[in-house]
Structures are given as C-alpha cells and as structure tokens.
Amino acid sequence: MSKTEIEIKLPSGKVYTQPIASFINNEFVPSSLSNQPISEDNSIPVYNPSTGEKVVDVYEVNEDDFNTAIANAKEAYKTWKDVSQGEKRDLFLKLAELIEKDKEIIAEIESYTSGKPVKNNSVYDIEELVEVLKYFAGWIDKLQGSTYIPDKDNLKLTYHQPLGIVGCIIPFNYPLTMMANKFASVAVGNCAIFKPADQTPLSILVFAQYLKAAGFPKGVFQVLLGKGPNIGEKMSLSHDIAKIAFTGSTAVGKIIQQQASTNLKALSLECGGKSPMVVFEDCNLEKAIEWCALGIFSNSGQICSGTSKVYVHKNIAEKFYEKLIEHVKENYPVGDPFDDKSVLGPLISEKQYEKVINYINVSLKEGLELILGGTEKPESILKNDKLKNGYYVQPTIFKGLTAKHTINKEEIFGPVMAIAEFETYDEVIEKCNDNDYGLGSGCFTNNLQTAIKFSKDIEAGIVWVNSSNDTDAHTPFGGIKQSGNGSRDNGYYTLLDYTNVKAVHINIEQ
Ligand code: NAD
C-alpha cells in the first residue's frame with residue numbers, strides 16, 4: 001500500500017501532516033496505476049526554493065484517475081447544484097473559520113515551497129483567502145435573477161444556473177489566493193477540479209483537508225496533481241468539462257484556448273502582464289516611490305500585475321532615482337522566508353532564476369543603466385551555507401528604458417524595475433498603451449483631472465491612483481489584450497462568470 005500522507009517538519013520546527021496525493025472524492029489517493037511506492041515514474045518532486053533542496057515527491061495522476069475524478073464530479077453535481085444557498089453559505093463560512101484559526105501554520109506551509117517570506121507575505125495571502133471565502137459566502141444566498149413584465153401578455157425571467165464541471169488551472173505565484181478566486185465556481189453550484197502548479201501543490205492539498213473537515217460533500221472540489229501538458233491538457237480537451245478557468249502565462253493561455261475550443265467550452269484566461277506606472281510631476285514623491293517599489297519588489301516581482309515599468313516626469317527624475325534607491329536598500333532585505341526580517345524571498349525555481357538573470361544580462365548588453373542590484377546573489381545569501389543554493393535575486397533597477405529594449409515589452413516575472421522619463425501626458429499615455437499586455441496600471445498625481453483622464457485613457461483592466469497592486473475580494477481583477485480574455489477574478493463579476501444566464505419567456509395571455 002502506498003502512503004498518501006507524510007509528516008513534514010517546517011523550518012520553524014512545527015510538524016504537520018502533508019497529503020502527497022491527489023484529492024479525489026474527498027480522499028487522498030495515489031495514481032490508480034501506481035499503487036506502489038513512489039518513484040520517478042509516478043511522481044513530481046517539490047522543492048524548497050530557499051535552499052534548492054527537495055521537500056517531497058507527490059504522486060502524479062494518470063488518465064484513469066482523471067476519468068474517475070470526472071465521474072465523481074458528475075455524480076456530485078447532481079446534488080450540489082441544488083443544495084440550498086443557505087447550506088452552501090454556511091459551508092463557506094465554516095471553511096473560512098477553520099482556515100482563519102490555523103492561519104499561522106498554513107502561512108508557513110505556503111512559504112515552504114513557494115519561497116514567500118512568512119511574516120511579510122504568506123500571512124497576508126492566507127488572510128486574503130479567508131476574506132475571499134467570506135465574501136463569496138456573503139453573495140451565495142443573495143444571487144438571484146430578474147423578472148420583467150414587458151406587456152400584459154408576457155412574463156420574462158432570468159435564472160443564473162451553474163455550468164456543471166469547471167476545470168481550474170492555477171499558477172505558482174499565489175497558490176492559495178489564485179485557488180480561492182476560482183473557488184467562486186463552487187459557490188455558485190459547480191463542481192470544480194483543480195490542477196495546481198507543479199511547483200506548489202502542497203498548500204492546495206492542505207486546503208483540501210480543511211474543506212473535508214468543514215463538511216463539503218464528496219466530488220465538489222477535487223485536486224489532480226500532474227504536469228501541465230499532461231493533466232492540464234486533458235482538462236482543456238475534455239468534453240465533460242463545461243469551463244476552464246486558467247491563470248498563468250500568456251504562452252500557455254494560448255495553448256489552452258486552442259484546446260478548449262474543441263467543444264467551445266467557456267474559458268476564462270488570466271495571463272501575464274507588463275504593467276506601467278506613471279509618476280507625474282505634481283505627485284507626492286515619497287508616496288510614489290513607496291508604491292512603485294512595492295508594486296514590483298513584493299513577492300520577489302512574481303506578480304502578474306507587477307508594475308515593472310515606471311515612467312517618471314523628467315523634472316523630478318533625478319530626485320526620484322536617488323530616493324528610490326535609498327528606499328529600496330532600506331526596506332527590501334532579501335533573505336530566508338522563515339526569517340521575520342525578510343521581505344524578498346527566493347524566486348520559485350532554478351528555471352525562473354535563470355530566466356530573470358538572463359533578462360538582467362540582456363538589458364545590460366542593450367545599454368540600460370543599472371542603478372541598483374544586478375545578477376549577483378546578495379552577500380548575506382552567499383555567506384550562508386544553507387541559503388547559497390537558493391534562487392535569490394536582488395531588487396534590481398534600470399533607468400533609460402526605451403521602446404527598443406527587450407524588457408520594455410516582455411514579462412520578466414522577477415524583482416526588476418525599468419524606468420523611462422517623459423515630458424507630456426499624451427506622450428506617456430501613448431508609450432503606456434504601446435503594450436501587448438493590459439493588466440495593471442497606475443499613476444501618481446495630486447490633480448484629480450489628470451487621475452480621472454488617465455484612468456479613462458489607459459488600456460488596462462485595473463488602474464491604481466496613488467497606489468499599486470491594491471486588490472481585494474470585492475473588486476474585479478483581470479486584464480485585456482494578451483493579459484486575458486476579459487474574464488475577471490474576484491468581485492460579483494466572477495460569480496456570474498461561472499453561471500449560465502438562462503432567459504425564460506412565459507406567455508400569460510388569457
Ligand atoms: P504557467 O503558464 O507556466 O503555468 C500555469 C499553470 O498551467 C500551471 O498549473 C501549469 O502546470 C499549467 N500548464 C502548463 N502547461 C500547460 C499545458 N500545455 N496545458 C495545460 N496546462 C498547462 O505559469 P506559471 O509560471 O505557473 O505562472 C506565472 C504566469 O502566470 C505569469 O505569466 C503571470 O503573469 C501569470 N499570472 C497571471 C495572473 C492574472 O491574474 N492575470 C495571476 C497570477 C499569475
């Protein structure tokens with residue numbers, strides 16, 4: 001018999017039970033064809049990015065497991081869709097309560113394989129997860145259609161009904177919060193099958209333990225572990241799945257769009273970004289600097305809406321550089337995610353580390369001026385035997401960005417900010433909108449007219465005025481252009497995205 005749960009000791013010394021197999025019908029089951037000890041042929045290794053060491057191997061599923069999960073979801077859907085709104089709401093609230101109670105240990109579990117600093121990062125993610133669950137709970141018993149009486153002979157109604165089985169494919173950078181956003185599918189009566197990123201399945205499996213403890217019925221939420229081109233592809237191609245909700249890179253989003261088209265299934269795509277910030281001359285400079293730094297250096301720049309491009313007005317540019325460097329040196333220490341002082345942890349993997357270092361090298365070759373950071377790991381990391389093989393990159397800042405530079409257009413997904421100067425409003429808006437992506441954007445100004453005009457002119461799904469990467473459960477999150485197909489996570493809109501609005505025409509002629 002294979003073992004599906006093991007004890008893991010976290011760097012803090014805390015010990016917990018970690019499932020290492022897919023969550024199918026409320027049980028952790030190893031692959032049906034690999035009911036044998038875990039081996040290279042039936043598993044995926046999960047690493048600790050702060051040291052580069054392997055934490056554990058998790059079982060990968062095969063086609064039989066996929067078909068079992070689909071059959072379970074179909075069975076579960078027959079009853080889950082009609083479970084009363086009050087009962088669904090109470091399950092969501094119970095789940096939120098259980099998670100909130102254990103948020104410290106869940107934050108550590110999230111940190112261990114994602115590299116997020118526990119105190120300055122993961123804890124906020126768990127708080128957001130709880131908020132999102134409560135927010136959805138608040139809507140569950142208030143969702144309703146509408147009634148029209150267009151004339152004396154007609155009554156028209158709309159119902160918002162679930163779609164059936166939803167496949168949710170999520171990335172590594174915010175494992176639990178990305179999962180939470182797509183959990184909206186379950187709130188409105190769908191049965192969801194989740195595929196976590198290969199690098200970060202552990203916290204999602206722990207979430208499944210809480211979901212079972214909260215009393216969710218079998219088959220409503222299942223987790224399949226596997227590589228993207230394996231299980232992700234099966235999900236996108238399946239005719240039993242009514243919708244794919246994907247968050248990840250634009251390149252993979254395009255593959256999924258093609259695969260999902262085989263049965264015209266509904267599709268929401270939340271993809272990459274290259275989000276600009278504009279610092280106008282009349283802004284509060286200190287605040288602009290704080291927010292610009294936070295928008296790209298938190299989560300080590302692994303943020304889809306990371307504000308990686310900053311346009312600063314030429315009259316305040318010198319002061320901006322000087323104060324920005326000071327601010328980042330002081331407030332963004334790189335270090336062990338389990339050290340309370342760390343603000344930047346490592347990047348997720350060696351592959352991501354090499355990709356980011358390569359972008360820094362390309363930018364240097366292309367003549368961009370490096371004003372902070374670079375390709376070297378920080379001294380404190382190199383001197384630390386435990387951390388020196390981790391995937392750490394210093395906060396890095398370039399100035400002199402122009403349209404010809406590679407990082408003007410391409411998503412880096414690391415702690416790298418590139419700055420350009422501008423003179424006029426029209427010039428900067430044109431530069432910002434000359435962008436394949438359209439996710440986040442922001443401006444700093446004390447002029448209300450400028451702020452409103454910017455929010456209307458910018459081609460993006462999200463605009464921050466005098467802030468950056470401010471998100472919450474109430475507000476829709478998503479992009480346009482190659483950042484997504486207009487679907488949204490969070491807010492009321494996301495719930496509607498997982499429903500079919502049915503129109504009912506009733507002839508009441510006497
Ligand atoms: P990724 O595209 O490599 O992987 C995302 C998910 O897709 C993973 O679960 C992966 O296993 C799966 N996958 C990979 N290949 C697949 C295939 N052929 N078929 C089906 N599934 C497949 O992205 P990542 O590296 O995990 O995450 C980083 C990217 O995600 C960045 O581009 C970032 O901008 C984006 N992102 C976007 C948002 C948003 O809301 N717009 C939020 C977070 C991250």
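Just so you know, residue 1 is the first one in the sequence shown, and it goes up from there. Just follow the structure's listing: the first ligand is 1, and inside any ligand the first atom is 1. In what follows, every heavy atom counts, from backbone to side chain, and hydrogens, waters and symmetry copies are set aside.
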Interatomic distance, OG@S238 vs CG@N67, rounded to 0.5 Å, equals 8.5 Å
The complete set of salt bridge (charged side-chain N to carboxylate O under 4.0 Å, His left out) pairs with one or both residues in residues 477-495, sequence neighbours excluded, reads K182-D489, E459-K481
Would you say S487 and E270 are linked by a side-chain donor-acceptor pair, where the criterion is simply a distance under 3.5 Å?
yes
Residue pairs passing the ring-ring contact (aromatic ring centres under 6.0 Å, His included) test with at least one member in residues 221-244, sequence neighbours excluded, are F183-F221, F194-F221, F207-F221
Quiz item: Relative to Y124, does K116 satisfy both conditions: NZ or CZ under 6.0 angstrom from the six-membered ring centre, and within 45 degrees of the ring's axis?
Solution: no
Those residues at least two apart in sequence (or on a different chain) that pass side chain to side chain donor-acceptor pair (under 3.5 Å) with E410 are Y359
Distance filter under 4.0 Å, heavy atoms only, around ligand 1 gives I169, I170, P171, F172, N173, M178, K195, P196, A197, D198, G228, P229, G232, E233, F246, T247, G248, S249, V252, I256, E270, C271, G272, C304, E411, F413, L439, F477
